[in-house]
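Down below is the structure, laid out as structure tokens.
Just so we're on the same page: letters track the sequence lines, and every chain starts at 1. All values reported here derive from a predicted model rather than from experimental measurement.
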Protein chains: 2
Amino acid sequence: MSLRHAVLGLIVELDGASGYDLMKLFEISLANVWTATQSQVYGELAKLTADGLIEVAAEGPRGRKEYRATDAGRDELRRWLVEEQPRPARRDGVLLKVFFLGQLEPERARAYLRDSAATMGERRDGLAALQQEVTWGDDNLSLYGRLTLEYGRRFFAMRKEWAEWAEAELARHAAPPEDADRA
Amino acid sequence: MSLRHAVLGLIVELDGASGYDLMKLFEISLANVWTATQSQVYGELAKLTADGLIEVAAEGPRGRKEYRATDAGRDELRRWLVEEQPRPARRDGVLLKVFFLGQLEPERARAYLRDSAATMGERRDGLAALQQEVTWGDDNLSLYGRLTLEYGRRFFAMRKEWAEWAEAELARHAAPPEDADRA
DNA sequence: CCTTGCATGTAATGGGTTACATGATTTA
DNA sequence: TAAATCATGTAACCCATTACATGCAAGG
């Protein structure tokens, strides 16, 4: 149940936000951390309100509802941070394909890995560029946002290097071993 | 819909398997790639059969059903491998917590990262030990299984190093800057 | 006045997790 | 004969995705 804490966490950090505000945050700052659709956000706001963890603090134009965390909500966020230990995701579509790459011709398998390496390289460069562009403030979201961005950069870099290594491994296996052949 | 292709892929590679066989494979060889519960496996076998991608090739003791891929099934696996491009997961519970770590006292936040680094180090070492122990064959699952295992090792290594870096960053911010103080 | 953006909600469908439920075979 | 293992299946519930549906407000 992490969506709940993502929504709650943003409301606490921003000290009040509407569903619409949250959607934008999910699209931008949480994009590489936790995704959510519009209908999930509004649904979760309703549930959090029903459970007394947030409340409507103000209503604005166009039916805008500004939510703020209650004391119970802040307690719950803290409890989640301290007590609950997340288990890393155990599902990866890219790796799943690699697992079955033996079903393709070796050349196609290698092409898949080359392709993957290129994509990962682009994403790494994209995040690296972001790191250069953004001017970071002294607030919490800046500091911790910077940490997660660096994580993303390292993640893509790792994947790129791994894909290149894997491609080379396949090449090594595809080619007849030449070592013993000649001095 | 990747579970479908995970099940189908295993049946193709093994050239026949029961639901029970598949469960064990999900627990062991696919553990770091794609997880599935027992009820998912049996449910998916029923759907794949209904769609004509696999069929019951033999029945054994205790109601055991050995499934084998049909031609349509092999075609579908290939199509999935070649045509469909997976998008990397965009959800990570560990990172989500880091994003909100500003809600804790700095010392607690740093403890969380130190803890995380230790856990990741253990998991990295566990996979490294596995790599040493296992004697690899020349078959496809060995070759490609070795690639995904190495991915896992690099993944945990990256996370460990990142957590250590992040912890140091927090320390840097928590401590008053001493640089300008003295020569 | 028309377009863009702000703003919220619901319904249908599918996938995933947990728990329940049952029974046959092998091995100690 | 008792325990472990093999073996399959169903039901309830929750979470996520996609699509549908509506309407106000501000700016050009």
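Here the C1' atom of nucleotide C:dG15 and the CZ atom of B:Arg4 are 12 Å apart, to the nearest Å. One interatomic measurement links the two molecules: NZ of B:Lys65 to C1' of C:dA24, which rounds to 15 Å at whole-angstrom precision. Rounded to whole Å, atom C1' of C:dG15 lies 16 Å from atom CG of B:Leu45. Between B:Asp21 atom CG and D:dT8 atom C1' the separation is 13 Å, expressed in whole Å. When rounded to the nearest whole Å, the span between CZ of B:Phe26 and C1' of C:dG16 equals 13 Å. Taking atom OH of residue B:Tyr20 and atom C1' of nucleotide D:dC6, one finds them 5 Å apart after rounding to whole Å. Rounded to a whole Å, the CG atom of B:Leu30 is 14 Å from the P atom of C:dG16. If you take CE of A:Met23 and C1' of C:dC6, they are 10 Å apart, rounded to a whole angstrom.
Using a 4.0 Å cut-off between charged nitrogen and carboxylate oxygen, B:Asp21 and B:Arg64 count as a salt-bridge pair.
Within the 4.0 Å cut-off from OP1 or OP2 of C:dT8, at least one side-chain nitrogen or oxygen of A:Tyr42 is found. Within the structure, every side-chain polar atom (N or O) of B:Lys47 is placed at least 4.0 Å from both OP1 and OP2 of C:dG14. A close approach under 4.0 Å does occur between a side-chain nitrogen or oxygen of A:Arg64 and OP1 or OP2 of C:dA7.
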Review point. If the sugar-phosphate is the primed atoms plus P, OP1 and OP2 and the base is the rest, what is the B/S/- string for nucleotides 16-28 of chain D, using protein heavy atoms under 4.0 Å?
Key: SBBB----BS---

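Of the possible polar contacts, none joining the A:His173 side chain to the A:Glu169 backbone as a donor-acceptor pair under 3.5 Å is found. With B:Trp34 contributing its side chain and B:Phe26 its backbone, the two residues share no donor-acceptor pair below 3.5 Å.
Inspection of the B:Ser116 and B:Arg159 side chains reveals no N or O donor paired with an N or O acceptor under 3.5 Å.
Counting non-hydrogen atoms under 4.0 angstrom, B:Lys24 reaches nothing in the nucleic acid.
By the side chain to side chain contact (heavy atoms under 4.5 Å, CB included) test, A:Pro86 pairs with B:Val94, B:Lys97, B:Tyr112, sequence neighbours left out.
You'll find the side chain of B:Thr49 stays beyond 4.5 Å of the side chain of B:Glu55, heavy atoms only.
Classification of the A:Tyr151-A:Phe155 ring pair by plane angle, with boundaries at 30° and 60°, yields parallel.
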